Amino acid sequence: MDDKWVVYISKAEIAQAVETLAAAIDHEYAGRSLVVVAVLKGAFIFVADLIRQMQTSVARVELLRLASYGAGTTSSGQVEVLVDLPPGAVTDQHVLLVEDIVDTGRSTTVAMKLLQEQHPASVKLCSLLDKPSRRVVPVVIDYLGISIEDKFVIGYGLDWDERYRDLPDIYVVEGGD
Ligand code: 5GP
Ligand code: MG
């Protein structure tokens, strides 16, 4: 890895955020079970940590794969559905949609629409990160980990042209935007 990347959110801070989110979700869903829907690829590490931290019973995990960024560091504006939900997977279920980061809000909006088409009992959104200054489409984040500035971050599931998802901390380019 190039040394221009600096730690922006440490793995300890991430773990703390995951713990806080899990506690808030457990508080809300006490006595109920949830279908957890993670948006791939970015959320795969976060969702794995989150569901292991939660006490709430997880009826099933579903994975939705969307693509928006291409190889660059700014969103293309087009959201492609690469892997859709199985039919009826969330019908009448309480759903927790799990995102790595909400940036323009386009991906989340597409994911919400795919969920709503199956008429779930309820849907709430949990995102590890939020870049509110970049929002194009309004999105309500029910459970937010950490709000960040308009910087391109990598690590903990987040890629740069498919690399660096494996890093345990979240990094940003020093001095970059
Ligand atoms: P949105 O549709 O909200 O613009 O973007 C959603 C997706 O873009 C995220 O799920 C994530 O995969 C990607 N993305 C947005 N901001 C960043 C970032 O700072 N770093 C990386 N690696 N991906 C990002
Ligand atoms: Mg990406």
Side-chain angles (χ1 to χ4, degrees), residues 1-11 13-15 17-18 21 25 35-51 61-85 89-90 95-117 123-177:
M1 197 176 95
D2 206 299
D3 60 7
K4 71 187 179 199
W5 293 100
V6 293
V7 173
Y8 185 58
I9 306 169
S10 70
K11 58 186 174 197
E13 290 172 281
I14 296 168
V18 170
L21 288 169
I25 293 162
V35 173
V36 173
V37 178
V39 183
L40 298 178
K41 296 180 190 171
F44 81 111
I45 291 181
F46 172 48
V47 76
D49 284 346
L50 182 71
I51 63 177
V61 175
E62 292 293 348
L63 306 168
L64 189 60
R65 185 168 168 206
L66 303 178
S68 64
Y69 254 49
T73 59
T74 46
S75 179
S76 65
Q78 293 292 314
V79 180
E80 253 186 287
V81 181
L82 299 180
V83 180
D84 203 343
L85 294 167
V90 303
V95 177
L96 184 69
L97 179 64
V98 178
E99 286 268 22
D100 53 353
I101 184 166
V102 181
D103 184 27
T104 64
R106 289 189 180 107
S107 302
T108 305
T109 303
V110 169
M112 283 289 185
K113 186 169 164 282
L114 294 174
L115 293 171
Q116 294 297 351
E117 283 171 358
V123 182
K124 296 227 173 182
L125 172 65
C126 175
S127 184
L128 177 65
L129 302 175
D130 181 23
K131 270 195 231 178
S133 64
R134 294 258 311 155
R135 201 74 89 251
V136 173
V137 191
V139 165
V140 176
I141 305 177
D142 301 287
Y143 305 100
L144 171 65
I146 301 165
S147 185
I148 66 169
E149 299 163 76
D150 181 9
K151 291 176 183 297
F152 188 77
V153 292
I154 58 162
Y156 196 71
L158 292 145
D159 72 307
W160 184 27
D161 198 9
E162 294 304 326
R163 297 186 63 192
Y164 310 120
R165 295 193 196 273
D166 53 320
L167 302 176
D169 303 275
I170 292 174
Y171 291 77
V172 70
V173 184
E174 193 165 36
D177 320 286

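Along the sequence shown, residues are numbered consecutively beginning with 1. Ligands are counted one by one from 1 in listed order, and the atoms in each one are counted from 1 as well. Quick caveat, the model's predicted, so the values are computed rather than measured.
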Inset, instruction - Work out which heavy atom in Ile25 is nearest to a heavy atom in Cys126; give both atom names and the distance. - result: CD1-SG, 4.2 Å
Inset, instruction - Compare Asp100, Val79, Leu128, Leu66 and give the one whose heavy atom is closest to atom 12 (O) of ligand 1. - result: Asp100
Inset, instruction - Would you indicate whether Glu80, at its atom CD, is surrounded by more than 12 heavy atoms from other residues, nucleotides or ligands within a distance under 6.0 Å? - result: no
Inset, instruction - May I ask you to list the atoms of ligand 1 that are less than 4.0 angstrom from any heavy atom of Lys151? - result: 19 (O)
Inset, instruction - For residues Val79 and Ser68, report the shortest heavy-atom separation together with the two atoms involved. - result: CG2-CB, 4.3 Å
Legend entry - Ser107 heavy atom under 4.0 Å from ligand 1: yes
Legend entry - Proximal atoms of ligand 1 relative to Glu99 (non-hydrogen, under 4.0 Å): 10 (O)
Inset, instruction - Report yes if Ile154 has an N/O atom closer than 3.5 Å to an N/O atom of ligand 1; otherwise report no. - result: no
Legend entry - Those atoms of ligand 1 less than 4.0 Å from some heavy atom in Lys131: 16 (N), 17 (C), 18 (C), 19 (O)
Inset, instruction - Indicate the atoms forming the closest heavy-atom contact of Glu149 with Lys131, along with that distance. - result: O-CG, 3.6 Å
Inset, instruction - Give me the ring orientation class for Trp5 and Trp160: parallel if the planes are under 30° apart, tilted from 30 to 60°, perpendicular past 60°. - result: perpendicular
Inset, instruction - Mark up the atoms of ligand 1 that fall under 4.0 Å of a heavy atom belonging to Arg106, in ascending order. - result: 2 (O), 3 (O)
Inset, instruction - Verify, without hydrogens or angle tests, whether Lys151 (side chain) and Val173 (backbone) share a donor-acceptor contact under 3.5 angstrom. - result: no
Legend entry - ligand 1 contact by Val39, heavy-atom criterion under 4.0 angstrom: no
Legend entry - Heavy-atom nearest neighbour of atom 4 (O) of ligand 1 within options Val110, Leu158, Ile101, Thr104: Thr104
Inset, instruction - Give the contacting part of Ser68 toward ligand 1: side chain, backbone, both or neither, where contact means a heavy-atom distance below 4.0 Å. - result: side chain
Legend entry - Heavy-atom closest pair, residues Leu128 and Ala17: CD1-CB, 4.5 Å
Inset, instruction - Provide the number and element of each atom of ligand 1 under 4.0 Å from a heavy atom of Asp159. - result: 21 (C), 22 (N)
Inset, instruction - Would you please determine whether Phe152 falls within less than 4.0 Å of ligand 1 on a heavy-atom basis? - result: yes
Legend entry - Under 3.5 Å: N/O of Gly105 near N/O of ligand 1: yes
Inset, instruction - Give a yes or no on whether a salt bridge exists between Arg135 and Asp130, defined as a side-chain N under 4.0 angstrom from a carboxylate O. - result: yes
Inset, instruction - Measure across Leu115 and Val90 and return the closest heavy-atom pair with its distance rounded to 0.1 Å. - result: O-CG2, 3.9 Å
